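Report on the structure given below.
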Amino acid sequence: MEIDVVLPCLNEADALPWVLSRMPNGFRPIVADNGSTDESAAIAAAYGARVVPVPQRGFGAACHAGLLAATSDIVCVMDADASFDPGDLPRVADPVVTNTADLMLGRRSTQGQGAWPLHARIGNRVLAAELRRRVGVLVRDLGPMRAARREALLVLGLQDRRFGYPLERVVRAAEAGWRIAETAVPYYPREGKSKVTGTVGGTVRTVRDMRRVLASIAPQAQATAPATAATAPVPAQASS
């Protein structure tokens with residue numbers, strides 16, 4: 001089985017060689033280039049990745065364009081900034097492959113100083129708590145590495161094209177009754193400056209976009225939120 005991996009990208013020329021060279025066998029990178037002004041697109045192509053130009057700016061726009069370009073049954077998403085090792089993708093993909101989860105999230109396990117700034121952790125913690133309260137999904141992290149089946153994702157009809165896109169995916173999946181689980185994935189200091197968690201302003205914009213998604217949750221979904229959610233399966237051994 002081959003699995004497409006969507007890599008939303010904006011000026012990640014320094015990180016892409018390491019990321020793409022560590023893609024496990026069977027995982028096909030799709031670099032959704034969101035208007036990079038460096039050599040990201042050329043580097044991605046040189047390493048054999050499929051490059052999808054995304055003129056509409058926004059993290060969600062890049063993710064969704066990559067999803068539309070994918071052709072595999074199961075699709076993964078991960079950041080292109082070297083904060084994740086692609087060798088860990090099977091940890092997230094395997095539960096979907098074996099049909100023990102419908103949406104699998106990589107819960108970030110920080111490795112080294114600076115991998116996940118305090119202000120970003122706090123913002124993530126608040127949003128995860130709101131998600132647990134409103135739709136009953138017991139996740140601790142809205143991690144950027146995730147996996148699900150492509151056709152099912154398209155049926156969800158995701159609308160956000162900014163930083164709220166990852167949260168909207170979880171919210172709509174929960175409303176649809178998906179089995180959602182998470183597993184720990186190592187999270188490293190990224191290559192270069194973060195456009196989101198690396199600055200307080202970026203974190204504020206992300207929280208604002210995500211709060212807008214939370215406000216869209218249907219009242220009936222909140223009223224019938226389950227008391228528990230899928231527990232994380234035992235992580236599979238990562239390939240290299």
Side-chain angles (χ1 to χ4, degrees), residues 1-93 96 103-106 108 115 142-150 153-154 158 160-163 165-169 185-198 202 206 238-240:
M1 172 184 288
E2 293 189 317
I3 296 175
D4 288 325
V5 182
V6 176
L7 298 158
C9 174
L10 177 59
N11 295 331
E12 302 293 0
D14 292 339
L16 282 172
W18 184 85
V19 171
L20 296 174
S21 67
R22 294 187 61 78
M23 199 65 58
N25 291 335
F27 288 79
R28 306 180 302 197
I30 298 175
V31 174
D33 185 37
N34 202 204
S36 296
T37 56
D38 62 7
E39 298 300 313
S40 291
I43 291 171
Y47 275 83
R50 180 180 177 187
V51 179
V52 177
V54 187
Q56 179 185 357
R57 295 301 288 267
F59 180 80
C63 289
H64 202 70
L67 176 64
L68 292 174
T71 58
S72 59
D73 176 32
I74 294 171
V75 176
C76 292
V77 179
M78 64 171 280
D79 287 349
D81 58 9
S83 56
F84 289 108
D85 185 343
D88 291 320
L89 280 165
R91 298 189 186 202
V92 177
V96 181
L103 174 60
M104 196 68 191
L105 308 176
R108 286 169 281 194
L142 304 174
M145 183 185 281
R146 48 189 63 195
R149 295 189 183 274
R150 179 179 181 273
L153 285 171
L154 292 174
L158 304 182
D160 192 278
R161 294 297 181 264
R162 293 160 56 98
F163 293 129
Y165 186 88
L167 176 61
E168 186 185 15
R169 178 181 290 191
V185 176
Y187 189 63
Y188 304 94
R190 61 155 289 145
E191 185 70 38
K193 185 177 181 181
S194 172
K195 294 88 174 171
V196 183
T197 60
T206 302
S239 304
S240 59

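Side chains included, hydrogens not; waters and symmetry mates left out as well; all remaining heavy atoms used. We count residues from 1, following the sequence as given. These figures come from a predicted structure and were not determined experimentally.
Summarising the geometry of A62 relative to P8, their closest heavy-atom pair is CB-CB, 3.9 Å, with the distance given to 0.1 Å. Taking all atoms of both residues into account, the shortest heavy-atom contact from V19 to M78 is CG1-CE, 4.5 Å. Here the closest heavy-atom approach between residue Q56 and residue N34 is recorded as O-ND2, 2.8 Å. Annotation for S21 and W18: closest pair OG-O, 3.0 Å, computed over non-hydrogen atoms. For the pair C9 and V31, the tightest heavy-atom approach, listed with the atom from each and the gap, is CB-CG1, 3.7 Å. Nearest heavy-atom pair across R108 and L142 is NH2-O, 3.9 Å.
Between the side chain of D33 and the backbone N or O of L10, no donor-acceptor pair lies under 3.5 Å. Of the possible polar contacts, none joining the S83 side chain to the Y188 backbone as a donor-acceptor pair under 3.5 Å is found. In this structure a side-chain-to-backbone donor-acceptor pair under 3.5 Å is missing from R162 to R57. Judged by distance alone, the side chain of S36 and the main-chain N or O of D38 form no donor-acceptor pair under 3.5 Å. A donor-acceptor contact shorter than 3.5 Å is absent between the side chain of R169 and the backbone of R146.
Between the SG atom in C63 and the CD1 atom in I30 there is a gap of 12.0 Å [rounded to 0.5 Å]. From N11, atom CG reaches atom CG of L16 across 10.0 Å, with rounding to the nearest 0.5 Å. Atoms CZ and CD1, from R150 and I74 in turn, are 13.0 Å apart once rounded to the nearest 0.5 Å. With rounding to the nearest 0.5 Å, the separation of CG in D160 from OH in Y165 is 9.5 Å. In this structure, S72 OG and E2 CD are separated by 8.5 Å, a value rounded to the nearest 0.5 Å.
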Derivation of the side-chain contact (heavy atoms from CB on, under 4.5 Å) call for R28 and T71: CA-CA 10 Å; R28 306 180 302 197; T71 58; 3.2 Å; yes
Show your reasoning for whether side-chain contact (heavy atoms from CB on, under 4.5 Å) applies to L105 and V185. CA-CA 9 Å; L105 308 176; V185 176; over 6 Å; no
Could you check R161 against H64 for side-chain contact (heavy atoms from CB on, under 4.5 Å), going step by step and ending with a plain yes or no? CA-CA 8 Å; R161 294 297 181 264; H64 202 70; 3.2 Å; yes
Show, in sequence, the C-alpha distance, side-chain angles and deciding distance for V96 and I3, and conclude whether the side-chain contact (heavy atoms from CB on, under 4.5 Å) test is met. CA-CA 11 Å; V96 181; I3 296 175; over 6 Å; no
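Screening L158, D4, V75, V77 against L67 for a side-chain contact (heavy atoms from CB on, under 4.5 Å) leaves a single residue, V75.
Between F84 and Y187, a ring centre-to-centre spacing shorter than 6.0 Å is recorded.
Annotation: side chain of F27 is in contact with side chain of C76 (closest heavy-atom distance under 4.5 Å). Between P186 and D85, every side-chain heavy-atom pair lies at or beyond the 4.5 Å cut-off.
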